[in-house]
Each structure stands twice: as C-alpha cells, then as structure tokens.
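For reference, the structure discussed in these notes is given below.
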Amino acid sequence: MATNGELPIEPHKTFDTILVLDFGSQYSHLITRRLRELNVYSEMLPCTQKLSELSWKPKGVILSGGPYSVYEKGAPHVDPAVFDLNVPLLGICYGLQEIAWHHGKNVLAGEKREYGHAYLDIQRHNSGAGHIDELFKGLEDNLEVWMSHGDKLSHLPDSFVTIATTSNAPFAGIAHTEKPYYGIQFHPEVTHTPRGTQLLKNFAVNVCRAEQNWTMSKFVDQEITRIRKLVGEKGQVIGAVSGGVDSTVAAKLMQEAIGDRFHAVLVDNGVLRLNEAQIVKETLTKHLGINLTVVDASERFLGLLKGVKDDPERKRKIIGNTFIEVFQEEAKKIADAAAGSSKAGEIEWLLQGTLYPDVIESISFKGPSATIKTHHNVGGLLENMHLKLIEPLRELFKDEVRELGTQLGIPEDLVWRHPFPGPGIAIRILGEVTPDQVRIAREADNIFIEEIKAAGLYRDISQAFAALLPVKAVGVMGDKRVHDQVIALRAVQTTDFMTADWYPFDGQFLKRVSRRIVNEVKGVCRVVYDITSKPPGTIEME
Ligand code: GLN
C-alpha cells in the first residue's frame, strides 16, 4: 500500500464532487456524465448509502429518479442525514417526490401518467432568499422538458414555493424558501430536455459552487501520483493488452507512473485482426515506450478450436480459458525473472482496464435484492497468483478515456478504435475456425475497414466488421463457374451498445467494398450486408 502511510488520493478527495444518489432510474448515470461534461466531477452511489460512512464531503447532492413510489411499503428512502449535510440538494422525479415526502408525506398516485415531452412554465420570484431563482437563471420562460412519471405532489410542502409548472403538473419545479433545496419532476439529464445541461450547470456551478476543474490533464498528474503511492518504490505490475483503447490507455498510464516495472503482455491467440500483433507491438513499444512481451500462442488456440463447429459458446470458453492459462504462464516467467533482479520487488499487482460504467453497473440500485457483479475473469488470476487489482480507469467514462489517451500521446487511430471482442475473429467465422477461414475473414475485414476509413465514416460508425458465413454460393468468375463462400458485412451505430441500428451506407460505397472483397480475397464469391438492428440481433454474430 502507500509507502508514506497516507492513503492514495481519490478524485472525490481533491476535486469538488457532486454526489448522485441512485434510486434505480435508467438515466441516473447520465446525470453524472452531464456534470463531467461540464468539467464538474461527479460520482454515483446507491440511494442506500449511509452518509456517515462517506470519507469525503460532497459539494452538493442529487437524488435521481427511480421506478418506485415513495408512499409504497418498502420503497427506498434516502439517509435523512442528507438534510443535515448543509449542502445544496436537487431531486429529480423520484428525487423530487422523496424531498417532498420527507417534508410532509404529500405524494400520491396521479390520475394521469405523463410520459414524453412537456412544456414548462417558469415562475420567477425575484424576492425572498436569493437562491430560489438560481435553478432556471438564464433559461427561457418556457422550456421543453422530458417527463416520465405517474405520481405527483398533492400539495406544496411547508417552506417550499413553486418555481415551474406544466399543464399537467402544478409542481413541476419547487424550491425551499430558505435552504438551497430544489425538486424537479422532469429529467434534465436526457437530451430530450434541450436546456437540461444548463440547468444542471446552474445547480452545480452557481448553487453548489463546484469548481469546473475536472479535466484529463489534471487527472493524469493526480493519477500518476496515486499509482506511484499505491505500488510503492519497488512494486511491479502486470497486465494484458489487446490493442484496444482501454488497455492501451491503462498501460500507458502505468508506464508513465512506474516505467518498466509495468509489464504488458499481448497474447496472440491466432484470431486477432490482420497483422494486429505486429501493429500493436510497434505502437506500444516504439511509440509509447511500454515494456511489452508478445506471446505467440496462435497454434495452441487454433489447435484447440479445431473441429468446434456449431457451438459458439464453446469457442468463447476455449478462447477465454486458454487466454488465462497462457497469460498466467507468461506472468510466472516474468515474475521469476523479476525476482532474480535486484532492482525490483515481486509482481504484486494485476492491471485491469475497468471503466466507470462497469463500476456503476455493479453498484447501481436494483431494488431490495441488489446484485453485485464480480470480475469473474480476473478472479482466478488474483487468487492463484496472489495479486492485487489496480484499476486506474475505474473513475472514467469512455469519452474521458479517449481524451486521456490523446493527452498521453496515443495515436488518434488507436484512441478512436472500434471495440473488438476477446474471442476475436473466431466469433466472426461462423462454423469451424481453420487457418484458411481466418485468412479469408481477416482479409475481407481489412478491406471493409480500409474503405470505411477512406470514406471518412469510421468515427460515425460504432463498430464494423466482416463475418464469414459457413455456406457456399455459386458465382461466375472469368467465365468459370465457382462455388465459394459468402462474406457478411456488419456496421452499426449506437451510443451504449445496448441497442444499435445498422449503418445506412450509400450504394456506391457497398458496391466498391463488394467488388474489392470478391476480387482480392480468394475463396469469396459473394458479399451481403447485414440489415438487422439490435435487438433482435446482437452486434456480433456468435
Ligand atoms: N415512480 C415515480 C413516478 O412514477 C418516479 C418516476 C421517476 O423517477 N422517473 O412518479
């Protein structure tokens, strides 16, 4: 642990932080994200958080929406200590109802549910305590907002005034007359509330007085200091890299913090993209100075995949388990070598590129029986090798990781790379994975991505790849009948990968890609484009 007895500094200890207490709304994480976009640091914790157990003090607290009704038996309630914290409060939807409930139990089921767009009339007070008008300051008197509720306040709680109404909600916005407490019935965090970000800024910056200093350049310095303290003078860290943005950014951060005491391992499983192992090696060692070992285990993986035809789950399991075996063997070698050298200690840590959405997923409030997701993949490694976990990106959203990557000098191409699945091209080769099938899938994929980049579409698309279908079709090439395979192209747009839509390429583009693949990739005589959205399709094909 920290060498000088101090605990490593966490962002909420040094950045002004707005605490979001999550009551289970599907939008809760967006509140945190919007605040971060305003350069205000924010963290989310479940609504059950006991405030006396917090080791830091927030600058303000936001109570999120949630699917429950405050008056129901068993409904979640905030720790009443939140009202003694002496910091501004904003309740959103369920959060508004929760504030009202605390101030007199005046919430009931409305006769009319309200979902979707609504028009808000702002009521300004221009008198009394100065904070009352702050929430809507600088905003128009009529605002378009997004509603999603069925309950309503029966009357105004004591000491509150109305600051906004809609035709259906007489208490669409309320404020306490003395304390900086606000409640709003609509959701400012969703893009359907066009001026929502300004409202959140009014709350965080003007009311809470949070400094807008959360930037990746500040985070970098602080995180490097934190890693150094955590790992100590001699500690060593090992971690797998994949060529993707998360593992590369995490690896570069480790390299900046502890240099060669960080050991990166790239396992070539034989189903990476075309020339991938070579490209990753070049970038990580030559450009980024990372201490990297590449293990070529392609024959081992392909040997194990031989004969696996109709069971995609088996492919995934074989690749996942073999990856852990290979990584562990390599880690032992590196650990033994490290133990023999005088300048370094043992390998004590395993680097993991966990991001904030994974953390949120594991802590978000899912009702009385909240389930906690475990990092099943690394669990075994941590135990077998007696390692501790280090997760330098666990406070960051994906867009922040990208910004951090740019700050750290990681090439643009890599920073904006599409995600690539762990089992790689193996799950894009439907049917048996053989060396020749890998060649076909790789070459076709490479042409597709090359053309997407040349057309300037790469960033517009969230994920794209070529898949090889396990069927043969008839074609005619050079006047000769051929009986060859079919490539399916897939390209999707999505913001969260939970739902996705296929990308509307123009016909000329598809024509160009199809012609190149059929001409250049031996064994392919047809190209099709997958026009299935998610759901019902998944992004990958297996
Ligand atoms: N369940 C509450 C209602 O229906 C709150 C809904 C919400 O927070 N989105 O009014």
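If you read the sequence from its start, that first residue is 1, and numbering goes on from there. Please read these numbers as outputs of a predicted model, since none were measured by experiment. Indexing begins at 1, ligand by ligand and atom by atom, following the structure's order.
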Worksheet item: Which ligand 1 atoms are under 4.0 Å away from a heavy-atom of His187?
Response: 9 (N)
Worksheet item: Can you tell me which residue and heavy atom of the protein come closest to atom 7 (C) of ligand 1, and the distance to 0.1 Å?
Response: Cys93 SG, 2.9 Å
Worksheet item: Under 4.0 angstrom from ligand 1, any heavy atom of Gln185?
Response: no
Discussion item. Centre-to-centre under 6.0 Å for His12 and Tyr41, is that the case here?
Written reply: no
Worksheet item: So which protein heavy atom does atom 5 (C) of ligand 1 come closest to, and at what separation?
Response: Gly66 O, 3.2 Å
Practice prompt. Measure from NZ or CZ of Arg490 to the centre of the six-membered ring of Phe465 and say whether it is under 6.0 Å with the direction within 45° of the ring axis.
Written response: no
Practice prompt. Write out the residue and atom name of the closest protein heavy atom to atom 1 (N) of ligand 1, then the distance separating them to 0.1 Å.
Written response: Tyr68 O, 2.4 Å
Practice prompt. Can you spot which of Arg459, Arg417, Arg402 makes a salt bridge (Lys or Arg N to Asp or Glu O under 4.0 Å) with Glu412?
Written response: Arg459
Worksheet item: Counting heavy atoms only, which of Leu96, Val107, Asp151 is nearest atom 10 (O) of ligand 1?
Response: Asp151
Worksheet item: Taking the six-membered ring for Trp, is the centroid-to-centroid distance between Trp214 and Phe15 below 6.0 Å?
Response: yes
Worksheet item: Of all the atoms in ligand 1, which lie at a distance below 4.0 Å from a heavy atom belonging to Pro67?
Response: 1 (N)
Worksheet item: Looking at Ser148, which atoms of ligand 1 are within less than 4.0 Å of one of its heavy atoms?
Response: 6 (C), 7 (C), 9 (N)
Worksheet item: Is the Phe23 to Tyr94 ring centre distance short of 6.0 Å?
Response: yes
Discussion item. Could you report the tightest heavy-atom contact between Ala251 and Val241, atom names first, then the distance?
Written reply: CB-CG1, 3.8 Å
Worksheet item: Checking Arg273 against Phe420: charged group under 6.0 Å from the ring centre and within 45 degrees of the axis?
Response: yes
Practice prompt. Establish, for the pair Lys13 and Trp56, whether the NZ or CZ atom is under 6.0 angstrom from the six-membered ring centre and no further than 45 degrees off its axis.
Written response: no
Worksheet item: Is there any N or O on Ser69 that sits under 3.5 Å from an N or O of ligand 1?
Response: no
Worksheet item: Backbone, side chain, both or neither: what part of Arg113 comes under 4.0 angstrom of ligand 1, heavy atoms only?
Response: neither
Item to complete: Kindly assign one of parallel, tilted or perpendicular to the pair Phe83 and His102, based on the angle between their ring planes and the thresholds 30° and 60°.
Response: parallel
Practice prompt. List the closest protein heavy-atom neighbour of atom 3 (C) of ligand 1: residue, atom name, distance to the nearest 0.1 Å.
Written response: Gly150 N, 3.4 Å
Discussion item. Show the atoms of ligand 1 that are less than 4.0 angstrom away from any heavy atom in His149.
Written reply: 3 (C), 4 (O), 10 (O)
Item to complete: Mark up the atoms of ligand 1 that fall under 4.0 Å of a heavy atom belonging to Gly65, in ascending order.
Response: 8 (O)
